[in-house]
Amino acid sequence: MPELPEVEVVRRGIEPYLSGATLHNVEVHHERVARRFAGTADDLARQLEGQTVTTVERRGKYLWATLGEDTRSILFHLGMSGQILVDENHLPQRAHTRLHAQIGADTFLSFVDQRTFGYVTIDNLVPTVSTLDPTIVRFVPSLAAHIAPDLLEPAFDLEEVARTIRSRRVPIKTALLNQEIVSGIGNIYADEALWQARVHAARLASGLSYATIREILQAAQEVMQRALNVGGTSFDNLYVNAAGEPGYFARSLAAYGKAGTPCPRCQSLLERCVVGGRSHTYCPNCQKVPRRNR
DNA sequence: CCAGAGACCTGAAGGC
DNA sequence: TGCCTTCAGGTCTCTG
């Protein structure tokens, strides 16, 4: 579910509450939420107890709170249905609450996740170096060290990413969704960027020009920035910000999930197909289906 | 090394 | 009113 804009909205929402906060009365309610932790859910709760957060950071769809001496972090991944909620009213715990902690006199943090594809763990921070400039070093949790910088961070190297994409004999959409090439893009913003750049998802990455690949990446940056400005994309109550409120970008989507409705550019009816195992919505007029990929 | 399929979950929506 | 199938914003791991 949540892609870069949604995770960034959550990060901005929890940062004012979590920076400088100490965790107390930590409860972890489900073994699956702790599956990336070397121990049980109870062990995780015990190790989180009394930890003090320094900063709240994000790369792509991974979100973490740095701890004390800045060598460790609490890592969150929201998966398909994860939410992080801050509650200042002593509300009863919601269904699917996987982790609950007190972070202030009357303030509580909940990790809620219906489908349990998300997780929480404690993870060491390791250095990563930007291909753009070797002096740009960023410490990220070891479980996020394999992913590339995201489209909105200073370490993002447009030319290098375009070269990597062009070296892959996979559908362009598969390359965009590969977090090891560029992180933060998910199914919504991949479809939106491809629609904006007028490229069909099944076109082979290796068959596109650098100019086209740059155009797609810039479209992804632009659409994500617009989504961020309005709080992200919500279709239902599965994506909400830290206060439990939805984002408003769904009304601005051009393609994602809109098969059968007119293309906002040419009025042809949008169609749906499957590329790389994921649903793809496209305009058959603006985004020509490849006949033969080379 | 790389690409593709399957696995991991819960719940909503649509067909019969 | 069910019951069954399909689908959903994402990784991760195994196979060939």
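In what follows, every chain begins at residue 1, and chains take the letters A, B, ... in the order their sequences are listed.
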* How is A:R35 classified with respect to the nucleic acid when contacts are heavy atoms under 4.0 Å: base, sugar-phosphate, or nothing? -> nothing
* Separation of the P atoms in C:dT6 and B:dG6, to the nearest angstrom -> 14 Å
* **Closest-nucleotide ordering on DNA chain C, the 5'-leading residue of A:I147 and A:N187** => A:N187
* Which is true for A:Y256 with a 4.0 Å heavy-atom rule: it touches a base, it touches only sugar-phosphate, or it touches nothing? -> sugar-phosphate
* To do: Looking at every strand, decide which applies to A:D236 at a 4.0 Å heavy-atom threshold: base, sugar-phosphate, or nothing.
  => base
* Counting only side-chain N and O atoms of A:H96, is one of them less than 4.0 Å from OP1 or OP2 of B:dC9? -> no
* Would A:Y239 and A:F249 count as a ring-ring contact (aromatic ring centres under 6.0 Å, His included) if you check the C-alpha gap in whole Å, the side-chain angles of each, and the deciding distance to 0.1 Å? -> CA-CA 12 Å; A:Y239 165 66; A:F249 197 66; over 10 Å; no
* To do: Answer yes if the side chains of A:N124 and A:S142 hold a donor-acceptor pair under 3.5 Å, and no otherwise.
  => no
* Structure fact -> When rounded to whole Å, the OH to C1' distance for the pair A:Y119 and C:dT11 reads 8 Å
* **Candidates A:Q287, A:K288, A:E271 - the one meeting side chain to side chain donor-acceptor pair (under 3.5 Å) with A:Y282** => A:E271
* C:dA8 phosphate, OP1 or OP2: any side-chain N/O from A:R272 under 4.0 angstrom? -> yes
* Ignoring backbone atoms, test whether A:K61 places a side-chain nitrogen or oxygen under 4.0 Å from the OP1 or OP2 oxygen of C:dG9. => no
* Structure fact -> Taken to the nearest whole Å, CD/A:Q83 to P/C:dG9 is 17 Å
* Is A:H30 touching bases, backbone alone, or none of the nucleic acid, heavy atoms closer than 4.0 Å? -> nothing
* In Å and rounded to the nearest 0.5 Å, what is the CZ to CZ distance from A:F76 to A:R11? -> 13.5 Å
* Structure fact -> Between CD of A:E180 and P of C:dT13 the distance, given in whole Å, is 11 Å
* **Nucleotide C:dT11, atom P - distance to CG of A:L4 in whole Å** => 11 Å
* To do: Would you check, one step at a time, whether the test side-chain hydrogen bond (donor to acceptor under 3.5 Å, both in side chains) holds for A:D43 with A:T40?
  => CA-CA 5 Å; A:D43 295 334; A:T40 65; 3.2 Å; yes
* Salt bridge between A:R12 and A:E8, side-chain N to carboxylate O under 4.0 Å? -> yes
* Quick one: is A:R115 getting a side-chain N or O under 4.0 Å of the B:dC8 phosphate, OP1 or OP2? -> no
* Could you give the CG-to-P distance, from A:D113 to B:dC9, as a whole number of Å? -> 12 Å
* Does A:Q114 or A:S167 map to a spot on DNA chain B nearer the 5' end, using the closest nucleotide for each? -> A:S167
* Asked: What interatomic distance, in whole Å, is found between P of C:dC14 and the corresponding atom of B:dC9?
  -> 15 Å
* Asked: What nucleotide, of C:dG9, C:dC12, B:dC9, holds the atom closest to the side chain of A:F235?
  -> C:dG9
* Tell which nucleotide pairs with B:dC9, taking only Watson-Crick or G-U wobble pairs whose two distances are both under 3.5 angstrom. => none
* For the pair made of CD1 in A:I165 and C1' in B:dA3, what is the distance, rounded to whole Å? -> 16 Å
* Taking atom C1' of C:dG9 as reference, at what distance in whole Å does atom CG of A:L78 sit? -> 10 Å
* To do: Using a heavy-atom cut-off of under 4.0 Å over every strand shown, decide if A:Y62 touches base, sugar-phosphate, or nothing.
  => sugar-phosphate
* Asked: Counting just side-chain N and O atoms, does A:Y239 come under 4.0 Å of either OP1 or OP2 of C:dA8?
  -> no
* To do: Round to a whole Å and report the spacing from CG of A:D150 to P of C:dT11.
  => 12 Å
* Give a yes/no on whether any side-chain N or O of A:S279 is located under 4.0 angstrom from OP1 or OP2 of C:dA8. => yes
* **OP1 or OP2 of C:dC12 under 4.0 Å from side-chain N/O of A:R36** => yes
* C:dG9 OP1/OP2 closer than 4.0 Å to side-chain N/O of A:R278 -> yes
* **Pair A:D123, A:S73: side-chain N/O donor-acceptor within cut-off below 3.5 Å** => no
* To do: Can you figure out which of C:dG9, C:dT11, C:dC12 approaches the side chain of A:L238 most closely?
  => C:dG9
